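Residue numbering restarts at 1 for every chain, and letters A, B, ... go by the order of the sequence lines. Owing to the predicted nature of the structure, the values given are computational and were not obtained by experimental measurement.
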Amino acid sequence: MSETKAPSNFIRQIIDRDLAEGKNDGQVATRFPPEPNGYLHIGHAKSICLNFGIAESYGGSCNLRFDDTNPEKEEDEYIQSIKQDVQWLGVQWNGEERFASNYFDQLYDLAVGLIEKGLAYVDSLSPTEIAEYRGNFTTPGKPSPYRDRSVDENLALFEQMRDNKLDEGEAVLRAKIDMQSPNISLRDPILYRIRKKTHHQTGDKWVIYPMYDFTHPLSDAIEGITHSLCTLEFEDHRPFYDWVVENTAVPASPRQYEFARLNLNYTVTSKRKLKQLVDEGHVDGWNDPRMPTISGLRRRGYTPASIRTFCESVGVSRADSVVDMGMLEAAIRDDLNQYAPRAMCVMNPLKVVIENWEEGKEESLIAPVHPQNESMGTRQVPMTREVYIDREDFREEANKKFKRLVLGDRVRLRYGYVVRATDVVRDAQGEIVEVRCTYDPDTLGKNPENAEDQGKMRGVIHWVSAVKGLPCEVRLYDRLFSAANPGKGLEEGQSFLTHINPESLTVLDECWVEPGLRGALAETRYQFEREGYFCVDQDSTEERLVFNQTVGLRESWPKEA
RNA sequence: UGGGGUAUAGCCAAGUUGGUAAGGCAGCGGGUUUUGAUCCCGUUAUUCCCAGGUUCGAGUCCUGGUACCCCAGCCA
């Protein structure tokens, strides 16, 4: 996964130092711990690349662990999709996938241990009372009247919680730390709550579930994780993470380190918002090609390698940042440019008739599959009297900067002959429906000798035979949101949804692609020359190909063309 | 407002004990080119949030400010 040396970042420096000091017996163990409550997105890819990348370069291991402590939000569908996405990204987790729920028995015992040490108690305050007693930023919390229950009473009550003798909200188990702490997450954080809900892994075995803050350090310790990497918002929880590790009988002392989560402009990377886009039908599912989900990027045509190099290029730091979408696009262009087979596809067809080309004559032109990689071989492109070119590639008149077909001037049909536009045919509305041309038979593989006398030679354009080409559908995508930071700067009551770009999807259903692509399988990627990178969509059929535009080619146009 | 963090180019981001600002993306100029692509060459911070201070020397140390982010779920 790393041809290049992984770049320096503060986490690698910490690990280097730990190793130099002989910590953890020289071992490095990380984990990627998603909650199965949604699909993975590009932000998770950053975490995956970080955790698995570190494990790989230090000869360590990385576990895949589902943080499944809240049966209310989780589903098996998400577990399956997460496993598939992680695999697709090309990393391999250590052994079988783990579940925090695998440790529920141990966690329960550890909680009992805390009660026995007088470090945890059952609180019978109501949820609203607990919030009131917690205080706020300026007001310290105050102790619950139940804070000083005896160990025996706590033990009995916790058992009642577990044995389904109490109702939801009637009691919680809390750590006894410091209700006055300026760090609110230390004001007797809740360890267990009652949730009478069937769990996707443990079924109805439990009616009490441990909280993330209690579960995570223990799961890490149980699995022998050495470096537990999470995002910045958990910074305030680190003292409690350490408290849990110190005060329970666990076999290891993992350490938590926080890094800044990935933000991309013109999109959202919050599970809540992505779920809303799906649930309300603003997009066509989690794998809609406009979604920043792993499955969406995949369907869009992104490769695992491009996502990995992107993650490497954005680096890992503790500074809040918003990465430009252009970086992601640069990564996929760079990857695909190297090996994507080239093909010609006309998306807005305009018929061209070559008047001096014999009726019915067909010629097979030879074109390289890749201009810089001869080993990819050649392909055959049929040439006929009638071909399609893109409407954008023809103008009745244009200045010299326009390097395409202009009435009276010449242009090369890529891999074929030089043609000259002689006339146009219009329909009743006056719209051009056809361009009449002549071709120079002596220009295959060589340039015309007569310079300007037949009109200016302007450039090279792509085309597809009107009789041999394959009709197809092409889906063009634009950014999902029209604002760099969706939802920002709006009035009260407006949500990020008001920034959805109404033109994020354009379906072109009268496109023509060269016949060699017949039968191409879903996810096959091409560069449509002069247009961009495209991949075959899963909606394709034998009869009709459907392509998704992954990304356009880089464009450097003279300003006033 | 109490606590915890972060500030280096348009966007990410390196910068080890203070020694004279990496790299990528984007941009700009030029060359090659049967893709306005690719590739190649060159260029882009006298300056590191601001103000003082220490020092022969500060992005790195000290002092004081400013801006932004996170925390008051029985979510993760």
> Listing request: all salt bridge (Lys or Arg N to Asp or Glu O under 4.0 Å) pairs with a residue in residues 32-41 of chain A, at least two apart in sequence or in separate chains.
none

> Within the 4.5 Å heavy-atom criterion, are T202(A) and Y209(A) side-chain neighbours or not?
yes

> Looking only at atom C1', what distance separates G59(B) and U33(B), rounded to whole Å?
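G59(B) and U33(B) have their C1' atoms separated by 43 Å.
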
> Over all strands shown, is G445(A) touching base, sugar-phosphate only, or nothing at heavy-atom distances under 4.0 angstrom?
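Here G445(A) touches the bases of the nucleic acid.
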
> Name all residues meeting the side chain to side chain contact (heavy atoms under 4.5 Å, CB included) criterion together with D16(A); count only those two or more places apart in sequence or in a different chain, and write none if there are none.
Y58(A)

> Check every strand shown and say whether R342(A) touches a base, only sugar-phosphate, or nothing at a heavy-atom separation below 4.0 Å.
base

> Using a 4.0 Å cut-off on protein heavy atoms (strictly under), produce a 5'-to-3' string for nucleotides 69-76 of chain B with B for base contact, S for backbone-only sugar-phosphate contact, and - for none.
SBBBSBBB

> According to side chain to side chain contact (heavy atoms under 4.5 Å, CB included), who are the partners of N348(A), at least two apart in sequence or on a separate chain?
D390(A), R391(A), L508(A)

> Taking any heavy-atom pair under 4.0 Å as a contact, classify E235(A): base, sugar-phosphate, or nothing.
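Answer is sugar-phosphate: E235(A) comes under 4.0 Å of backbone atoms only.
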
> Between the protein and nucleotides 14-17 of chain B, which nitrogen or oxygen pairs are less than 3.5 angstrom apart?
{"from": "A14(B)", "atom 1": "OP1", "to": "V316(A)", "atom 2": "O", "distance (Å)": "3.2"}
{"from": "G15(B)", "atom 1": "OP1", "to": "S8(A)", "atom 2": "OG", "distance (Å)": "3.0"}
{"from": "G15(B)", "atom 1": "OP1", "to": "Q13(A)", "atom 2": "NE2", "distance (Å)": "2.3"}

> Give RNA chain B the dot-bracket treatment, 5' to 3': Watson-Crick (N1-N3 with N6-O4 or O6-N4) or G-U (N1-O2, O6-N3) under 3.5 Å, [ ] crossing, | other strand.
.((((((..(((......[...))).(((((.......))))).....(((((..]....))))))))))).....

> Contact class for R554(A) vs. all strands (heavy atom < 4.0 Å): base, sugar-phosphate, or nothing?
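The residue R554(A) makes sugar-phosphate contact but no base contact.
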
> Report the glycosidic orientation of G73(B): syn if within 90° of 0, anti in every other case.
syn

